[in-house]
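Here is the structure we will look at, set down as structure tokens.
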Amino acid sequence: EDFHEAPLGGAELFGKLSQTYAGLVQIDEVLFVDVQHYDGFLYNLETEDGWYIAENHVVSNTRPPRNRTPTWKEIESCRPSIIRDIEATKPLAIFGFGGTPLLWTLGPTASKISVWRGRRVPVRIGGHSCWFYPMYHPAYIVRLGGERIWSKEKFVFERDLKAALSDLGNLGPPTIPTREQVLEEIEITDLRMPEEEALHRIGARLTEASRCPKVAIDIETTALRPYGKNSRIVSFSLATTAGAFAFPVQAKAWGSSAYTKAVTGLIRDFLLSVRGVKICHNMAFELEWFGHFLGREVIRAGTWDDTMVQGYVLDERRGALGLDNLILQHFGFSEKSVHNIDRANIEASPLPTILSYNGLDTKWTLALHRIQALLIIEQKLQAAHRDQIRSVPTMILTQMAGVPVSQREVKKHSAALLAQLVDVKNKLLDLPEAKKFKRATGREFNPGSNPDVAYVLETLLRRSEGY
């Protein structure tokens, strides 16, 4: 499936790509091109006869004047027929070239192609499930390139395309959970029961979870930071392989002060006694709240892990590290489509809805941790992950203590580091490769310039390293 905005026709695009990538990309290593007249949509790039670039325009079935980006109204007008076509042809994968098909397929959550390109996302379009590969638009690469020998965008476009094509031979269709499956095995406190009975039930579930090898933890709060006058932990949730369980803590709508004191003590004892790994998403947030309300000893108690840190280690691009984005990337659904809660005013929602939302977070945080842990092992990133995790408790404890900054020391160390940088740069400029660079380009080599470094590696040293 080829999703694109179609600012260039197939033959014209291929010609420009061939010129731009001359000497850099061997086209016959990627695809066989045969330009033919074609009146329909070409959904499967891999056909019995070879590879094709076709004049299809899938996001909008008409070409807007002057090849401008289709408006949202134009896109939505064509959506029903596109969905019918996809349901009829059942592609294994869709390649989305540019920001418009990204928005069409994943919605406003996926706002930037620069953040989502290179990822593989399971999607359900109508009644059909398949894989979606966002990529830069080829015309964007052509416009960027001109006569330039190298650019990061060209490199990642080639890499993304080759990786996607390589994937297809090993993939089956994705399994995307239904709404019912998303919400199953999430238990919330029955708010009709007496407080004493609720506390007994909560204590039993916390004790059971403390013996598990992995337990996901999440809190819903009234503010981003715990220091405000009205800052409260509204609810707490945990999830193990047995399911998720959520209960109120300092909720306005339920619970006396005696209940709040008792349940806070239960949570503190639980966090101090967990034998396995405690997993959060953005654990810096939870640790600061726990440290403030439950005591700083909780911050270094036992072993912690963080699915946001995992996501960062696997792909450090910011903008897709939120829990909703990572769940969308790995499981094919958006949490916001299940519970659209106003996080800035969380207690405007009914308490049962808040608890269900809290439980949903922990259930899928645990599932996300399992997938990302395997990817970290597969990509041999355990050391990088470990280093990142180790820094979080220290950062939070330092932040809570408050560290006064001496501007005199800052200036002294800045001057010393700057002197070291100048010395290193001069040594690099003295290298034979830097002198060759100056003769070839007419300007001084800049070690801080990625294109300059790539030119030296690829053109002067004939090496394959790059982004």
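For the single chain, residues carry numbers from 1 onward in sequence order. Computed from a predicted model, the values in this text were never measured in an experiment.
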Discussion item. Do the side chains of E288 and R225 get close enough for a salt bridge, i.e. N-O under 4.0 angstrom?
Written reply: yes
Fill in: Donor-acceptor pair between T394 and R300 side chains, under 3.5 angstrom
yes
Discussion item. Between E87 and R84, does any NZ, NE, NH1 or NH2 come within less than 4.0 Å of an OD or OE carboxylate oxygen?
Written reply: no
Item to complete: Could you tell me whether K162 and E158 make a salt bridge, using a distance below 4.0 angstrom between a side-chain N and a carboxylate O?
Response: yes
Worksheet item: How about D167 and Y133: does a side-chain donor come under 3.5 Å of a side-chain acceptor?
Response: yes
Discussion item. Set out, in order, the CA-CA distance, both residues' side-chain angles and the distance that settles side chain to side chain contact (heavy atoms under 4.5 Å, CB included) for K425 and Q420, then state yes or no.
Written reply: CA-CA 9 Å; K425 183 178 180 180; Q420 290 179 36; over 6 Å; no
Worksheet item: Can S334 and D324 be said to form a side-chain hydrogen bond (donor to acceptor under 3.5 Å, both in side chains), step by step?
Response: CA-CA 6 Å; S334 168; D324 193 54; 3.1 Å; yes
Worksheet item: Going by atom types alone, do N230 and T222 pair a side-chain donor with an acceptor below 3.5 Å?
Response: no
Fill in: Pair E220 + R343: basic N to acidic O under 4.0 Å
yes
Fill in: Min side-chain heavy-atom separation I217-C280 under 4.5 Å
yes
Discussion item. What I want to check is whether the side chains of H369 and T307 have a donor and an acceptor closer together than 3.5 Å.
Written reply: no
Item to complete: For the residue pair P174 and S129, establish whether any side-chain heavy-atom pair is separated by less than 4.5 Å.
Response: yes
Worksheet item: Any idea how F97 and F95 line up, ring-wise: parallel (<30°), tilted (30 to 60°), or perpendicular (>60°)?
Response: perpendicular
Worksheet entry | Modelled atom types, side-chain donor and acceptor of N446 and D452, under 3.5 Å | no
Fill in: Short side-chain donor-acceptor distance under 3.5 Å, D305 and H385
yes
Item to complete: Could you check whether the rings of W364 and F333 sit parallel, tilted or perpendicular, using 30° and 60° as the cut-offs?
Response: perpendicular
Item to complete: Report yes if the side chains of F445 and K436 come closer than 4.5 Å at any heavy-atom pair, otherwise no.
Response: no
Item to complete: Can you see which heavy atom on Y227 is nearest to which on S231, and at what distance?
Response: N-OG, 3.9 Å
